[in-house]
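Chain naming here is simple, since letters A, B, ... match the order of the sequence lines and numbering starts at 1 in each. All values below come from the heavy atoms of this structure, side chains included, with hydrogens, waters and symmetry mates left out. The structure presented is a predicted model; accordingly, all values stated were derived computationally and were not measured.
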Amino acid sequence: MSTTAPENSPLRRFLHNLLQSPWHVRDAALRSGLPTTDRTRSNFVFGNVFLHLHSVRTHRWSLRWSTTWGLGLAATAAFLIALVSGVLLMFYYKPYPEAAYDSIKDIHFVVPTGRFIRNIHRWSANVMVVAVLLHMARAFYTAAYRKPREFNWLIGMGLLVVTLGLSFTGYLLPWDQLAYWAITIGANIAQSPREVTDAVGITETFDPGGLQRELLLGSDIVGEEALIRFYVLHVMLLPLALVSLLAVHFWRIRKDGGMTRPSDADQRLAPKADVYPVFTEAPQKTYQLAAIVKGASPAVGRGPENTVPSMPHLFYAELGVLMLTVLVCLALSMISDAPLKELANPSVPENPAKAPWYFLGLQELVAYSAFMGGVGIPMIVVIGLGLIPFLDREEAETGAWFGGPGGLRLVARSAVFGLASVLGIEAFAIRFGWLREWFPEIPQLVITAVNPGTLLAAIYAAYSLWIVRRYGSARAGALALFTCFLCGFVVLTVIGTHFRGPNWTFYWSPADWPRH
Amino acid sequence: MTPTTATPRSRLDPEPVARRDFLGIASLASFLAAMLFAGLGVLRLPKAAVLASPAKKFSVALPDSLAAGEAFVPPGRSVAVFRDQEGVYAVSLICTHLGCIVKPGQSGFECPCHGSQFAADGSVLRGPAPKALPWLAVSVRGGECVVDESAIIPAGTKVSG
Ligand code: HEM
Ligand code: FES
């Protein structure tokens, strides 16, 4: 605590100021003193450039665990960890083919704490992907994409794509066998529209696939041009894109009125003793601004009932999620090392050559048709997800978990249906093979159009349309389709990760793989 | 230039753009147009003018002991060269599915990545590969074969020499 300066001698004043300087620096930084009253707590938030992405008061509904499970925050925290560890790795990493492999080996075996930083970078990236996927699922199941949050759902889709792009570009950088062959396959997936243009015979004049591959690799092989492109994307362009999209994402959360909550949220929350029922010390500023701003602002015409100051209630919760995420990443990095195979060898493919695990569901589909599995179906999924908020214009049960006609029972039934179809189709294709095995002369276009991937998508779509008719509700159809999609994603990913061995043959366990 | 017939402007006519405003708008518009065209031009930057890649043509001496129909893979190349009674021929080993390197076996080729299988002439037997393995141009010069990986020729073309 600062005390008033003694008047008498200049030297004593000097000494006194010197000793007090830490507190004065703190006061200068805080602008309005310690956050001890509701008013200074508000000042604490809107006087700080980072914190003022939050509103000064938070509804108690938003703070319930079951509202968000902190998943968006966990994704943010994982991203921050990856950012910090990634910058540290950049001090040693050299983006040039053979040097790249050697520098990663150095980081792993020689650089002090290098292996730890490399591990935590890998693990935080994985944690981020998991958190983003779960976060999307929670935003979907609580119908949080509805008006006025449609746009933020689209920004979220952008974040999903950029997150996956970051993982994919990072995968090449170690320049080992795993990296080289995963990227070779990835680049050829980018080229796979040729599967169709070749079959129609127009590749000479119209070749989007070839162009995509060339833009990605900067060459017709995976070489130094590809490595530098992936490096620039991984350390500059994609992180910048992610941060920009995140800024919009967070800002819109605030402008759209905080977390989605059910219309009866206030009744459902038990009364809380220390919540002010009306304006007391709450700052007038924000609410006055909201009143003159045109358009529907969520704060207009509503008092701060059932809200608590964001400092400390929200910030401590956020800090808790951050600490938990750090803890998980730390523990994983202690338990398991990031992989590093032999130096990339363009004449001997890794067998099996597997992409990162979250792409293995797609790789499973790619093993039937490169174009459909790698380009067609992902595009259908992204467009379908993006359309959800614009097809479901209903209002009932917004903000409630599994809210909508049918509710949790419909979700459970769709899960059973979704699992049964994907397991059935996969079991059939693994046991009996697919079209070319029975009719060797069959045209490629038929296989591109009819394969386990497209069949599954068609079955899911038909089932959801039937649900839309049956319940007379687009939300019911969306619940069915999203649940089926999740089941398909999980099953295909597990098959691709665990049950596929050398030559992409089915094995019950990796222990059965032939040794060479 | 002054207009020769000066009709008085009605109050209902829109205000003419003042000269200073006009200059401002014109310079802003030309600036935006210049940026737009420069931007469109620079879009071509990521498409390399010359694809840097190792030479596609190489020569190789086949060992005398090479049996008819047995694959010879020159080190570091993704091509199998064969010799039989009718002559010499080369088949690309890059899988037409997603670009893994196929393994030559007794009666054809197998891909380790997604299990495509090809007959000895490169045609697809099973798996996801959409096309046959291409045959590559070979010429025989002295005792050596020159293979051009960028020249695809009809399957079944063999050169004697
Ligand atoms: C890098 C990826 C992402 C990050 C870091 C992120 C972060 C966040 C955070 C911190 C919140 C606040 C609430 C919470 O923690 O759940 C949030 C809300 C939201 N996010 Fe994301 N998000 C990401 C991706 C996505 C994706 C993929 C979607 C969906 C396609 C999405 C849609 C939404 C929506 C609709 C909300 C508002 C939820 C509500 O009002 O209840 N986000 N996001
Ligand atoms: S790359 Fe050969 S089967 Fe997929």
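The two residues B/Leu98 and A/Asn188 have their closest heavy-atom pair at O-ND2, 2.7 Å. Closest non-hydrogen pair, A/Ile185 versus B/Cys113, comes out as CD1-SG, 4.3 Å. A pairwise comparison of heavy atoms in B/Arg126 and A/Arg436 identifies CA-CD, 4.2 Å as the closest pair. Between B/Pro130 and A/Glu195, the shortest heavy-atom distance links the atoms CB-CG, 4.1 Å. A pairwise comparison of heavy atoms in A/Ala367 and B/His97 identifies CA-CE1, 4.3 Å as the closest pair. A/Ser347 and B/Gly76 get closest at one heavy-atom pair: OG-CA, 4.4 Å.
Note on A/Asp220, A/Ile189, A/Leu215, A/Leu211: by heavy-atom pairs under 4.5 Å with chain B, the leading option is A/Asp220. With chain A as the partner, the residue from B/Ser123, B/Cys111, B/Cys95, B/Gly99 showing the most heavy-atom pairs under 4.5 Å is B/Gly99. Ranked by non-hydrogen atom pairs under 4.5 Å with chain A, the options B/Ile101, B/Leu125, B/Ile94 are led by B/Ile101. With chain A as partner, the option from B/Ser116, B/Ser78, B/Ala129 having the largest number of non-hydrogen pairs under 4.5 angstrom is B/Ala129. Contacts with chain B were tallied for A/Trp434, A/Tyr368, A/Phe371, A/Trp504; A/Trp504 has the most, counting heavy-atom pairs under 4.5 Å.
For A/Pro346, the part lying under 4.5 angstrom from a heavy atom of chain B is the backbone only. Both the backbone and the side chain of A/Thr184 come within contact range of chain B, judged by heavy atoms closer than 4.5 Å. Contact of A/Leu217 with chain B is not made at all, since no heavy-atom distance falls under 4.5 Å. Neither the backbone nor the side chain of A/Asn345 comes within less than 4.5 Å of any heavy atom in chain B.
More than 12 heavy atoms of other residues, nucleotides or ligands shown are found within 6.0 angstrom of NZ on B/Lys158. The 12-atom threshold is exceeded at CH2 of A/Trp438, counting heavy atoms of other residues, nucleotides or ligands nearer than 6.0 Å. Within a 6.0 Å radius of OH in A/Tyr96, no more than 12 heavy atoms belonging to other residues, nucleotides or ligands are found. Atom CD of B/Glu144 has more than 12 neighbouring heavy atoms from other residues, nucleotides or ligands inside a 6.0 Å radius.
Taking 4.5 Å as the limit, every side-chain heavy atom of A/Val366 sits out of range of all side-chain heavy atoms of B/Pro128. Side-chain contact between B/Pro46 and A/Arg229: present, with at least one pair of heavy atoms (C-beta onward) separated by less than 4.5 Å. No side-chain heavy atom of B/Val124 sits under 4.5 Å from any side-chain heavy atom of A/Gln444.
Rounding to the nearest 0.5 Å gives a distance of 6.0 Å between CD of B/Glu110 and CG of A/Asn503. Expressed to the nearest 0.5 Å, how far CG of A/Asn351 lies from NZ of B/Lys103 amounts to 6.0 Å. For the atom pair B/His114 NE2 and A/Thr505 OG1, the distance stands at 11.5 Å (nearest 0.5 Å).
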